[in-house]
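Written out below as structure tokens is the structure these notes cover.
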Amino acid sequence: MPQQIDYLIVGQGLAGTILAHELDTRGVSFHIVHNPTGTSASAVAAGIYNPITGMRFVKTWLADEIFGQIPNYYSALEAKLGGSFHQQLPIFRPAENPKQQNEIIEKCSQPSFENYAQYTKNPSQTLLLQQQHFGGMLIGQSGWVNVPKLLQLSQQYFESKQQITYQHLNYDELHVSNQKVQYQGVTYKKIIFCQGYEALANPYFSWLPFKAVKGEILKINGELGLHSLAFLKGVFLLPYAQNHYYLGATYNWANLQPTTSHEASSELTQKLTKMYNGRYCIVDHQAGIRPATTDRRPFIGLHGYYPSLAVFNGFGTKAVSLAPYFAQNFADFLQAKAELLPDVNINRFSSLYLKSEI
Ligand SMILES: Cc1cc2nc3c(=O)[nH]c(=O)nc-3n(C[C@H](O)[C@H](O)[C@H](O)COP(=O)(O)OP(=O)(O)OC[C@H]3O[C@@H](n4cnc5c(N)ncnc54)[C@H](O)[C@@H]3O)c2cc1C
């Protein structure tokens, strides 16, 4: 390994992986240190990207800037890595009652929703699900990424270029100054922490106001009749293989143990009962901790005292859609080509940093 490298990326979850590919594309030198046995939200993510979210069917933050680029971004990454892990997939959200039906019809008539959604009486694929009396919103510019596969192919890619080491980065071995960081005999311009939820244990960035949220998800097998459509009604059903579906996900802010629970599995299966009462079996059950933030915006930028320390984190429930866009913005910033978007720059919390010990 060379003795001088531009960036050391800590963590090869979705955030670290997407950022590493961005630096790779720009010909910037980097190395990744990754603990494969640590907690990883990316390993259990369903991988959905969806421009219309929430109870009130709102266009998600930066939808117009981001969603049109997502298919091309992941297709190009598939070509680079030589594998298939991305699929464009519409999402159907049924209306619960006549009031919501009217709300959906009204939203879909707005010009700003034209490229994203249309009112549909009942998509044919939902025939096996219980009758949807009030129609619903058919969302476009949506899809899913098989995140574990993307990570695995990326790992092989970085291994082939000797750009990844498997170990838990030990903070005590870091020698940090304003201009550089040394770790295990190698000098880096910057170290970029992409640790997901484990950032809470990072002595340099634990002052950031994370609002981590545990999520659990099931994989089920049954003849539900959905194949090229995801279904969202309290929970989502996402077809990932013939007669195989993700059923998810739960949100738990109180219990941050990354272990599966009977309560979550009952919650998900009860919600499924409201839309499907045929036979199915559970083939897998996983849990992870989403690195969500108090203001629902990512945490990106440089440490206030040591500019050689950086963070790229806080993608919450939307890493699949946000990480590519902000990897570009952050790489531009690192190369002094652009400012960071103020909404994501961690300097918005500098008052919290000043109160912390480091
Ligand atoms: C059930 C569930 C469903 C989800 N579904 C979706 C979805 O449909 N769409 C979507 O966009 N998002 C979804 N998410 C959210 C998404 O998974 C996260 O936003 C995203 O994976 C976060 O990626 P990350 O790289 O920041 O963190 P992580 O995936 O947690 O990765 C961080 C990595 O850093 C490593 N690490 C940490 N500290 C160190 C250290 N000191 N040394 C070495 N390595 C270290 C860890 O081992 C880990 O592998 C879901 C999350 C959950 C839990």
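These figures come from a predicted structure and were not determined experimentally. Numbering of ligands and ligand atoms starts at 1, following listing order.
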Nearest non-hydrogen protein atom, atom 30 (O) of ligand 1
Ala41 N, 3.0 Å

re atom 31 (O) of ligand 1, the protein heavy-atom contact at minimum distance is Gly13 CA, 3.4 Å

Of Val176, Leu174, Val311, Ile9, the one forming a side chain to side chain contact (heavy atoms under 4.5 Å, CB included) with Ile191 is Leu174

Tyr240 six-ring face occupied by Lys219 cation (under 6.0 Å, within 45°)
yes

Ion pair present between Asp343 and Arg296, side-chain N to carboxylate O less than 4.0 angstrom?
no

Counting heavy atoms under 4.0 Å, the part of Thr39 that contacts ligand 1 is backbone

Consider every N or O of Gly316 and every N or O of ligand 1, then say whether any pair is closer than 3.5 Å.
yes

Could you tell me which atoms of ligand 1, counted from 1 in the order shown, lie closer than 4.0 angstrom to a heavy atom of Val320?
10 (C), 11 (O)

For ligand 1, which atoms sit closer than 4.0 Å to a heavy atom of Lys318?
11 (O)

Suppose I only count heavy atoms of Thr317 and a 4.0 Å limit; which atoms of ligand 1 are within that range?
9 (N), 10 (C), 11 (O), 12 (N), 13 (C)

Closest non-hydrogen protein atom to atom 51 (C) of ligand 1, residue and atom name please, with distance?
Arg290 CG, 3.5 Å

Side chain to side chain contact (heavy atoms under 4.5 Å, CB included) for Tyr183 and His175? Distances and angles first, verdict last.
CA-CA 7 Å; Tyr183 183 67; His175 301 282; over 6 Å; no

Within a distance under 4.0 Å of any heavy atom of Leu169, pick out the atoms of ligand 1 and give their elements.
40 (C), 41 (N), 42 (N), 43 (C)

When you measure from the heavy atoms of Gln167 to every atom of ligand 1, does any distance fall below 4.0 Å?
yes

Below the 3.5 angstrom mark, is there an N/O of Gln12, backbone or side chain, next to an N/O of ligand 1?
no

What is the ring orientation for Tyr166 with His34, classed by angle as parallel under 30°, tilted 30 to 60°, or perpendicular over 60°?
perpendicular

Taking the inter-plane angle between the rings of Tyr171 and His168 on a 0 to 90° scale, is it parallel (under 30°), tilted (30 to 60°) or perpendicular (over 60°)?
perpendicular

Across all chains, not counting sequence neighbours, the salt bridge (Lys or Arg N to Asp or Glu O under 4.0 Å) partners of Arg56 are Glu103

Got an N/O contact under 3.5 Å between Ala319 and ligand 1?
yes

Tell me which donor-acceptor pairs under 3.5 Å the side chains of residues 196-203 have, and how far apart each pair is, sequence neighbours excluded?
unit_1 : atom_1 : unit_2 : atom_2 : d
Glu198 : OE2    : Thr39  : N      : 2.9
Glu198 : OE2    : Thr39  : OG1    : 3.2
Asn202 : OD1    : Tyr204 : N      : 2.7
Asn202 : OD1    : Phe205 : N      : 3.4
Asn202 : ND2    : Gln195 : OE1    : 2.9

Looking at Arg348 and Pro342, what are the two nearest heavy atoms and their distance?
CD-O, 4.0 Å

Out of Ala46, Gly11, Ala264, whose heavy atom sits nearest atom 5 (N) of ligand 1?
Ala46

When you look for heavy atoms under 4.0 Å from ligand 1, do you find them on the side chain of Val10, its backbone, both, or neither?
side chain

Distance under 4.0 Å to a non-hydrogen atom of Gly288: what atoms of ligand 1 satisfy this?
53 (C)

Within less than 4.0 angstrom of ligand 1, does Cys194 place any heavy atom?
yes

Take Tyr49 and His86, measure what side chain to side chain donor-acceptor pair (under 3.5 Å) needs, and give me the verdict at the end.
CA-CA 11 Å; Tyr49 57 92; His86 166 243; 2.7 Å; yes

Any N/O of Ala43 closer than 3.5 Å to an N/O of ligand 1?
no

Looking only at distances, please establish whether an N/O atom of ligand 1 is found under 3.5 Å from an N/O atom of Ala45.
no

Identity of the nearest option to atom 22 (C) of ligand 1, non-hydrogen atoms only, from Ala292, Gly196, Pro36, Pro291
Pro291

Heavy atoms only: which of Asn313, Thr37, Ile18, Asn35 lies closest to atom 47 (O) of ligand 1?
Asn35

If you measure every N or O of Ser42 against every N or O of ligand 1, does any of those distances drop under 3.5 Å?
yes

pair Ile91-Ile48: side-chain heavy atoms closer than 4.5 Å:
yes

Could you tell me whether a side-chain N or O of Arg93 sits under 3.5 Å from a main-chain N or O of Gly136, the two making a donor and an acceptor?
no

Regarding ligand 1, does Ala249 bring an N or O atom to under 3.5 Å of one of the ligand's N or O atoms?
no

Would you mind listing which atoms of ligand 1 come within a distance below 4.0 Å of any non-hydrogen atom of Ile48?
7 (C), 8 (O), 9 (N), 10 (C), 11 (O)

Between Gln195 and ligand 1, does any nitrogen or oxygen pair lie at a separation below 3.5 Å?
yes

Which atoms of ligand 1 sit under 4.0 Å from any heavy atom of Gly38?
47 (O)

In this structure, is the centre-to-centre distance between the rings of Phe299 and Phe315 below 6.0 Å?
no

His34 neighbourhood, listing ligand 1 atoms whose heavy-atom distance to it stays under 4.0 Å:
43 (C), 44 (N), 49 (O)

Centres of the Trp61 and Tyr325 rings: under 6.0 Å?
no

Tell me if the centroids of the rings in Phe158 and His21 come within less than 6.0 Å of each other.
yes

